[in-house]
There are 2 protein chains.
Amino acid sequence: MKEPDLDDLRLFLAVADAGGLGSAARATGTSAPTLSRRMAALERRLNERLFERGPRGYALTAAGRSLAEDVAGLRQVQARLARRMSSPTLPRVRITAGLWTSRFIARQLGTARAPDAAWVPEIVASNATVDIARREADIGIRNRRPDQPWMAARRTIPIRYAVFAKNPDITGYIALPRGAADTPSGRWLRAHHESEIVTTASDMAFAREMAASGLGRVVLPTFAGAECDLVQIGPVIDALTHDEWLVSHHDGRHDPPVRAALDCLAGLLGDATLRP
Amino acid sequence: MKEPDLDDLRLFLAVADAGGLGSAARATGTSAPTLSRRMAALERRLNERLFERGPRGYALTAAGRSLAEDVAGLRQVQARLARRMSSPTLPRVRITAGLWTSRFIARQLGTARAPDAAWVPEIVASNATVDIARREADIGIRNRRPDQPWMAARRTIPIRYAVFAKNPDITGYIALPRGAADTPSGRWLRAHHESEIVTTASDMAFAREMAASGLGRVVLPTFAGAECDLVQIGPVIDALTHDEWLVSHHDGRHDPPVRAALDCLAGLLGDATLRP
DNA sequence: TCAGGCTCTTTCATTTCTGAAAGTCCGGCT
DNA sequence: AGCCGGACTTTCAGAAATGAAAGAGCCTGA
């Protein structure tokens, strides 16, 4: 026995509420004959009499009341739909990036996005690599061109790294613990200053705060160091400099909200704000 | 702009879940061409692209994800429907009666109802008169034949009243407070034993408990007195004897659940249990 | 490079659904 | 009594939706 058509249930609720075919027809824009037939079909499919048909209209039977309770959730769906139609919910574009870029985007996007933009950003936290190929995110900001040919990539500005500290007199380095996120900057630090590491933090955000309080030096992207009252100690570390790539699924990038988000991000990342 | 067909949204969810037309077609029993057309129509009606159509199938766009969240409630409705189809919810027949009869029915109906009965009783508490004409209840048990011609009524057994007390030595009467429910038995008590009333209770159920503890005499239907270790003090009060009428809406009584409940109640009330 | 397999879309005859109008029923009103 | 009005159902021609089959595009593996 097949389940009934959800639209029949919508009409069923309308008839139950209206108490008759005529007013239900007016309320739903469906003609009375159609309502009559579809209610009859619904009863046949469920094998229950749902209405008492009297000269005064349709009245629910006990079984009809029971069904009406069961499908009352449709009312809520209809209400949400109606709301959606009148003031459409903005689609959310899922963006994933590394720690510093995520923070930068989260902070800047509120103002950088056009006020009438037809999309809303959703930042997907991702130390672990979120897979755009599997559609876990719409847009990714990565430090290299993706291998997969079905990815669309756009190069934006270069990211430069340097050593930062509260002031030039501070010595010693703050690193991530061994075995934690294996980033190029972490590897560089351990390769060149392993012996100078004075402490570790479980998260680079904490490391930066520790550096800001004078506990040691950290390796940061230049734009992230500039944000936090830290001074750049040495020159830009050329070995770590890399371009940022704006990556999206090849099929997905023509979705208007995604496209708008891509353009907005390209503008934002190309902006002088990010340059050292 | 009209709202989309709810059944289209059901198919939309199926396609979104399946990630493609083929498997969605298998899951829903609808053919792939139909799904293709209806998804296209849905997009046209909403004026949004809901899917990315690639050679790998359908993938939701940002707008599609947003819609899927909005209509997720349909899943719950479908689940309830499926449950209803497999193990049908029994329709509830709303029964209204006076205090003592309600209690009697509530206690007896569990066993009196056939084990495979296709209905479940719902006792509608009603000191105030619940209106069967307005379909607030399906079946009423009343103490007289209804005036309205569209009511169907079936006479059952006569109800007899008598004075009860814990033992014959108890004197004094327990009544309802002045101005409380104006029942024939209450009026009779005040008319004949006004001066012997020793106390009042806000509810006859309390009055009966008070009588059972020996505080005074009460006027009760004979079947209600017998239930509670009370002894009948005087003869049946002929002035209060009346028949019970099983009342239902004329149109409603052919609804199978209502009809079954009517038959069951007629049997129950005709049963010797109710006789003094 | 090409066949094979997968997916979606189009075509088209068929089925189903729809709505206006006419028909039926029933209670209320004069 | 008999007409009126409201409410549902049936009729019927036209409109819309459906599914099988064929078409088109794309990746995969040989």
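A, B, ... follow the sequence lines: proteins, then strands. Residue 1 opens every chain. No hydrogens, no waters, no symmetry mates; every other heavy atom, side chains included, goes into these values.
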Q: With rounding to the nearest 0.5 angstrom, report the CZ to CG distance, B:R38 to B:L11.
A: 5.0 Å

Q: For A:Q76, what residues pass the side chain to side chain contact (heavy atoms under 4.5 Å, CB included) criterion, not counting sequence neighbours?
A: none

Q: Would you call A:E43-A:R53 a salt bridge at under 4.0 Å N-O?
A: yes

Q: For A:R49 and D:dC8, give me the distance from atom CZ to atom P, rounded to whole Å.
A: 15 Å

Q: Send over the distance from A:R38 CZ to D:dC8 P, rounded to a whole Å.
A: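 One finds 17 Å between P of D:dC8 and CZ of A:R38, rounded.
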
Q: Enumerate the ring pair (Phe, Tyr, Trp, His ring centres under 6.0 Å) contacts for residues 18-41 of chain A, please, sequence neighbours excluded, ordered by first and then second residue.
A: none

Q: Salt bridge or not for B:R154 and B:D263, using N-O below 4.0 Å?
A: yes

Q: Counting only non-hydrogen atoms, which of residues 24-36 of chain B are less than 4.0 Å from DNA chain C?
A: B:P33, B:S36

Q: How long is the span from the CD atom in B:E244 to the CZ atom in B:R142, to the nearest 0.5 Å?
A: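 Separation between the atoms: 11.0 Å.
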
Q: Show every ring pair (Phe, Tyr, Trp, His ring centres under 6.0 Å) that has at least one partner inside residues 16-75 of chain A, sequence neighbours left out.
A: A:F12-A:F51, A:F51-A:Y58

Q: For A:R53 and D:dA7, give me the distance from atom CZ to atom P, rounded to whole Å.
A: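 The answer, rounded to whole Å, is 16 Å.
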
Q: Rounded off to whole Å, could you give me the CE-to-P distance for the B:M39 and C:dT7 pair?
A: 17 Å

Q: Of A:R37 and A:G57, whose closest DNA chain D nucleotide lies nearer the 5' terminus?
A: A:G57

Q: Rounded to the nearest Å, what distance is computed from the CD atom of residue A:E52 to the P atom of nucleotide C:dC26?
A: 15 Å

Q: Rounding to an integer number of Å, can you tell me how far B:R44 CZ sits from C:dT9 P?
A: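 So the two atoms are 12 Å apart, to the nearest Å.
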
Q: Hey, could you give me the CG/CG distance between A:L268 and A:L246, rounded to the nearest 0.5 Å?
A: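 Taking CG in A:L268 and CG in A:L246, the distance rounds to 10.0 Å.
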
Q: Produce a footprint string for nucleotides 22-30 of chain D: one letter per nucleotide, 5' end first; B if the base is under 4.0 Å from any protein heavy atom, S if only the sugar-phosphate is, - if neither.
A: ----SSS--

Q: Can you list the residues that meet the salt bridge (Lys or Arg N to Asp or Glu O under 4.0 Å) rule with B:D70, with sequence neighbours excluded?
A: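 Here the qualifying residues are A:R80, A:R84.
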
Q: Look at the side-chain N and O atoms of A:Y58 and state whether any lies under 4.0 Å from the OP1 or OP2 oxygen of D:dT9.
A: yes

